[in-house]
Q: 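Before I ask anything, let me first share the structure, which is written out below as structure tokens.
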There are 2 protein chains.
Amino acid sequence: MGQGLPVTSYALLGLLTFGDALTGYELKQRADATLRFYWVSPAMSQVYSELARLAEHGLVTPSGEGRGTTYTISDAGREALTTWMRESAPGFPVLKHPVALRLLLGHVVDRETTVAMLRDHVLALEKEEAALVEVRDGLRGHDGPGEIFRHPSLVADWGLDYFENERRIVGDLIRRLEDEGP
Amino acid sequence: MGQGLPVTSYALLGLLTFGDALTGYELKQRADATLRFYWVSPAMSQVYSELARLAEHGLVTPSGEGRGTTYTISDAGREALTTWMRESAPGFPVLKHPVALRLLLGHVVDRETTVAMLRDHVLALEKEEAALVEVRDGLRGHDGPGEIFRHPSLVADWGLDYFENERRIVGDLIRRLEDEGP
DNA sequence: TGTAGCATGTAAGCCGTTACATGATTGA
DNA sequence: TCAATCATGTAACGGCTTACATGCTACA
């Protein structure tokens, strides 16, 4: 690991590479808008403690004191981020999927309970997908090759495809469960 | 939360509903074989401490002392699990996807680095998929409607579909990146 | 004037991992 | 007999969340 920092630190640091200075509050909003789909939504308190740590390491530069302090990535920060991206392996995704977990244990409840859960999941997927569509739309105009939001837009497309596919699979699973005898 | 226990406790408890008595060691293996695809692979040490906690709550029944102790789910355990499944909401999946995260930040490294990472991810997906295929094959013969491995097989199919789809998407992303000018 | 959003933290605590420690059993 | 696997834990620690605490600013 580049510096022994947790991945979330680099993730937050990375959100500062899009050209602007952010307060902790704004950084949290950006994380909620984008990062939460592929990583996590860190708690407010964690955003502040991470920013403090990044500043200690000289990877971000605070501007102003007390209320309204904004942070920009420093040259050292940019270098640390690049090194981390190049020299360390990403590792395989970890999925914490409570719906799949409960489906796995479907034999301990009745079928209706399982089917209802899957239906709810489809609704939740549709909501999340709508939120991601909005994010993706917000990138339009700066998402061409070489433009600043190129990669975020690729990831958004990836996420949308994932949601779409999951909706389809879960729909199939519901049908398979319902086609079984009583 | 049914009892205030973490989800992983219920997950491990759930792995004991398939009709057999397991040692901590065997439970860990079962978790590695199935749970790790949709939830987590708890560390050995955690398996033992979770089993101790479940036993304290009377949700599992240990048989034998010291080395070779096996655990079975108790009636109370079965009831706690069912209640948890019925009364609590699953919540939305959380994905920790380091590859997507790094793709999001693709503008801080050169394209070759990103493409190489995506190619490696495809290879990793193929390996994981192969492992899941073996798991799924092991369920054959007991995976019909009403049979004990019915739900595990549904989840395995879900996982296989997910892997297949992700391979396809990532392949598309690689092509999109390569089609861009230098 | 009061409430929603902006803004920033501290403290406690749980979940889970890594590192460490120990010993029995099985098979090459 | 030596290594791999089976088997079971303890201790330390890090990451992250929840709960709590504080106060400003904009606007209805």
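Chain identifiers are assigned alphabetically (A, B, ...) following the order of the sequence lines, protein sequences preceding nucleic acid strands; residue numbering begins at 1 within each chain.
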Q: Can you tell which of D:dA7, D:dC16, C:dG9 lies closest to the side chain of A:Y71?
A: C:dG9
Q: Among the candidates C:dT8, C:dC15, C:dC6, find the nucleotide nearest to the side-chain atoms of A:Q29.
A: C:dC6
Q: Given side-chain hydrogen bond (donor to acceptor under 3.5 Å, both in side chains), test B:T34 with B:R136 step by step and report yes or no.
A: CA-CA 9 Å; B:T34 63; B:R136 212 243 160 277; over 6 Å; no
Q: In whole angstrom, give the distance that lies between atom CD of B:E65 and atom P of D:dA7.
A: 17 Å
Q: Ignoring backbone atoms, establish whether B:T8 has a side-chain N or O less than 4.0 Å from OP1 or OP2 of C:dC15.
A: no
Q: For A:L5 and D:dC16, what is the distance between atoms CG and P respectively, to the nearest whole Å?
A: 11 Å
Q: Measure CH2/B:W39 against P/C:dC15 and give the value in whole Å, please.
A: 12 Å
Q: Atom CE of B:M44 to atom C1' of C:dC15: distance rounded to whole Å?
A: 17 Å
Q: Kindly point out which of D:dA19, C:dT18, C:dC15 is positioned nearest to the side chain of B:S45?
A: C:dT18
Q: Regarding A:T83 and A:R78, do their side chains bring together a donor and an acceptor under 3.5 Å, going by distance alone?
A: no
Q: Could you work out which one of C:dA7, D:dC6, D:dA7 sits closest to the side chain of A:T23?
A: C:dA7
Q: Could you give the CG-to-P distance, from A:L51 to C:dT8, as a whole number of Å?
A: 9 Å
Q: Do the two ring centres, one from A:W158 and one from A:H151, sit under 6.0 Å apart?
A: no
Q: Just checking B:S41: base, sugar-phosphate only, or nothing, at a heavy-atom cut-off of under 4.0 Å?
A: sugar-phosphate
Q: Nearest heavy atom decides the nucleotide; on that basis, is A:R67 or A:P42 closer to the 5' end of DNA chain D?
A: A:P42
Q: At under 4.0 Å, does any side-chain N or O of B:Y48 touch on OP1 or OP2 of D:dG9?
A: no
Q: Would you say the base of D:dT8 and the side-chain of B:T69 have a donor-acceptor pair closer than 3.5 Å?
A: no
Q: Output the rounded distance in Å from CG (A:L22) to P (C:dT8).
A: 11 Å
Q: In whole angstrom, give the distance that lies between atom CD of A:E50 and atom C1' of D:dG15.
A: 8 Å
Q: Going by the angle between their ring planes, with limits at 30° and 60°, are A:Y162 and B:Y162 parallel, tilted or perpendicular?
A: perpendicular
Q: Go through D:dT8, D:dC16, C:dC15 for me and flag the one nearest to the B:Q46 side chain.
A: C:dC15
Q: With a 4.0 Å limit, can you tell me whether A:R53 has a side-chain N or O closer than that to the phosphate oxygens OP1/OP2 of D:dG15?
A: yes
Q: Between A:E126 and A:H121, is a side-chain hydrogen bond (donor to acceptor under 3.5 Å, both in side chains) present by the stated rule, with each step listed?
A: CA-CA 9 Å; A:E126 283 164 358; A:H121 182 51; over 6 Å; no
Q: Give a yes/no on whether any side-chain N or O of B:K96 is located under 4.0 angstrom from OP1 or OP2 of D:dC16.
A: yes
Q: Starting from C1' on D:dA7, measure out to CG on B:D32 and report it in whole angstrom.
A: 15 Å
